[in-house]
Protein chains: 2
Amino acid sequence: MLTKRYKRSMAATDPFAGLLGYHVRRLSFVVMSDLTESLAPLGLKPADASILLAISEVPGVTQSDLGRALGIRRANMTPLIAALMARGLVEREPVDGRSQALRLSRAGRRTCRAAHQIVKDHEARLFGSLPEAARERLIAQLRALWCGAP
Amino acid sequence: MLTKRYKRSMAATDPFAGLLGYHVRRLSFVVMSDLTESLAPLGLKPADASILLAISEVPGVTQSDLGRALGIRRANMTPLIAALMARGLVEREPVDGRSQALRLSRAGRRTCRAAHQIVKDHEARLFGSLPEAARERLIAQLRALWCGAP
DNA sequence: TATTGTTATACTCTATAACTATA
DNA sequence: TATAGTTATAGAGTATAACAATA
């Protein structure tokens with residue numbers, strides 16, 4: 001990430017060192033890179049894994065509600081769900097004439113468990129150095145910052 | 001960001017609430033959205049602003065070194081620098097037959113100061129609720145997580 | 001041989017608009 | 001009139017490979 005050359009030439013006067021947003025951005029990049037790489041053996045991207053995890057927690061959730069919860073637009077949910085259905089991981093059943101209830105198939109539950117384990121390992125690898133109390137305080141602070149104070 | 005429907009159907013059992021990486025990702029999105037919007041009046045993207053700020057701190061920095069410091073590849077630096085030069089904000093001078101030293105023009109320094117103020121306001125708006133000590137601890141923790149422990 | 005800067009290009013993610021069918 | 005899902009498409013941002021000129 002940081003080269004020797006950078007450390008020589010810029011680190012001492014890094015104009016971003018005092019910017020919280022900058023560190024959030026760089027950490028987010030590291031997190032997403034590691035997670036993408038970790039999930040690749042399952043043939044899943046982070047978005048796929050988040051969909052499986054969320055369906056597993058709320059079986060029967062609607063495609064639209066799921067998209068809203070994850071910050072994925074309707075138009076972009078369509079191909080994501082279609083791919084998971086084509087792989088036999090997700091099943092769909094109409095709740096009325098327009099909404100579709102999503103559930104995991106048996107294979108989907110298996111893949112979801114594997115993904116969940118990978119995510120836990122990934123978190124431990126990246127954040128394991130933090131004491132549990134610090135980790136929880138960090139989560140509470142970040143959560144408050146992105147989804148509004150309380 | 002979060003809809004009422006989401007709060008009703010998923011919040012209680014949010015499978016991501018305990019994942020630090022998830023909150024980093026969501027906060028990064030909020031940060032980048034706000035920063036992009038805040039810089040738009042100057043006709044700058046966050047990458048442009050980071051380039052101006054960095055050149056201002058290290059005048060004469062090389063295009064390659066700058067890219068490495070900011071995590072932008074050589075191939076992607078070319079059009080970014082070209083656009084800033086076309087706007088008369090950045091000037092370039094060869095240090096040897098291949099490297100180019102970058103400096104801000106007078107207009108570039110003016111735009112850089114404006115960008116710096118916008119960034120400071122943006123940080124205050126998003127993170128002003130944090131006491132200074134908490135903010136600094138947060139920065140130290142995030143920095144350690146993305147660029148290696150010490 | 002390795003590095004700088006460039007060009008061309010491709011891939012992913014995300015965004016919008018328009019359409020249908022249902023409520 | 002508003003919502004669910006779909007389709008098509010456009011725009012960022014980021015990635016690689018190959019090239020010429022230079023160290």
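The sequence lines fix the lettering, A, B, ..., with proteins before strands; numbering per chain opens at 1. Owing to the predicted nature of the structure, the values given are computational and were not obtained by experimental measurement.
Rounding to whole angstrom units, CE of residue B:M32 and C1' of C:dC13 are separated by 14 Å. Rounded to whole Å, the distance from CZ on A:R73 to C1' on D:dT9 is 15 Å. Regarding A:E93, its CD atom lies at a distance of 18 Å from the P atom of D:dA4, rounded to whole Å. Here the P atom of nucleotide D:dT14 and the CZ atom of A:F29 are 8 Å apart, to the nearest Å. Across the protein-nucleic acid pair, A:L80 atom CG and C:dC13 atom P stand 8 Å apart, rounded to whole Å. Summarising the geometry, the separation between CD1 on B:I51 and C1' on C:dG5 is reported as 14 Å, rounded to the nearest angstrom. Atom CG in B:D65 sits about 7 Å away from atom P in C:dT4, given to the nearest Å.
Applying the side chain to side chain contact (heavy atoms under 4.5 Å, CB included) criterion to B:D34, with sequence neighbours excluded, gives B:S38, B:H122, B:R125, B:L126. Among residues two or more places apart in sequence or in another chain, the side chain to side chain contact (heavy atoms under 4.5 Å, CB included) test is passed with B:R87 by B:L44, B:L89. Listed by chain and residue number, A:V119, A:E123, B:F16, B:Y22 satisfy the side chain to side chain contact (heavy atoms under 4.5 Å, CB included) test with B:L19 (two or more places apart in sequence, or in another chain). Judged as a side chain to side chain contact (heavy atoms under 4.5 Å, CB included), and not counting sequence neighbours, the contacts of A:Q141 are A:R137, A:L138, B:L130, B:A134, B:R137, B:L138.
For D:dT3, neither phosphate oxygen OP1 nor OP2 lies less than 4.0 angstrom from any side-chain nitrogen or oxygen of A:S64. Look at B:R68 and you'll find a side-chain N or O under 4.0 angstrom from OP1 or OP2 of C:dT4. Look at B:T62 and you won't find any side-chain N or O under 4.0 angstrom from OP1 or OP2 of C:dT4.
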Which protein N or O atoms sit under 3.5 Å from an N or O of nucleotides 20-23 of chain C?
from: C:dT22; atom 1: O3'; to: A:G97; atom 2: N; distance (Å): 3.4
from: C:dT22; atom 1: O2; to: A:R98; atom 2: NH1; distance (Å): 3.4
from: C:dA23; atom 1: OP1; to: A:G97; atom 2: N; distance (Å): 2.7

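A heavy-atom distance below 4.5 Å is found between the side chains of B:C112 and B:L53.
Contacts classified as salt bridge (charged side-chain N to carboxylate O under 4.0 Å, His left out) and involving residues 37-54 of chain A (residues at least two apart or in different chains) are not found. Under the salt bridge (charged side-chain N to carboxylate O under 4.0 Å, His left out) criterion, no residue pair touches residues 112-122 of chain B, with sequence neighbours excluded. Residues in residues 89-106 of chain A take part in these salt bridge (charged side-chain N to carboxylate O under 4.0 Å, His left out) pairs, two or more places apart or across chains: A:E93-A:R103.
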(message) At under 4.0 Å between heavy atoms, how does the protein contact nucleotides 6-12 of chain C? Give one character per nucleotide, 5' to 3', with B, S or -.
(response) BBB----
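Expressed to the nearest 0.5 Å, how far OG of B:S64 lies from CD1 of B:I72 amounts to 12.0 Å.
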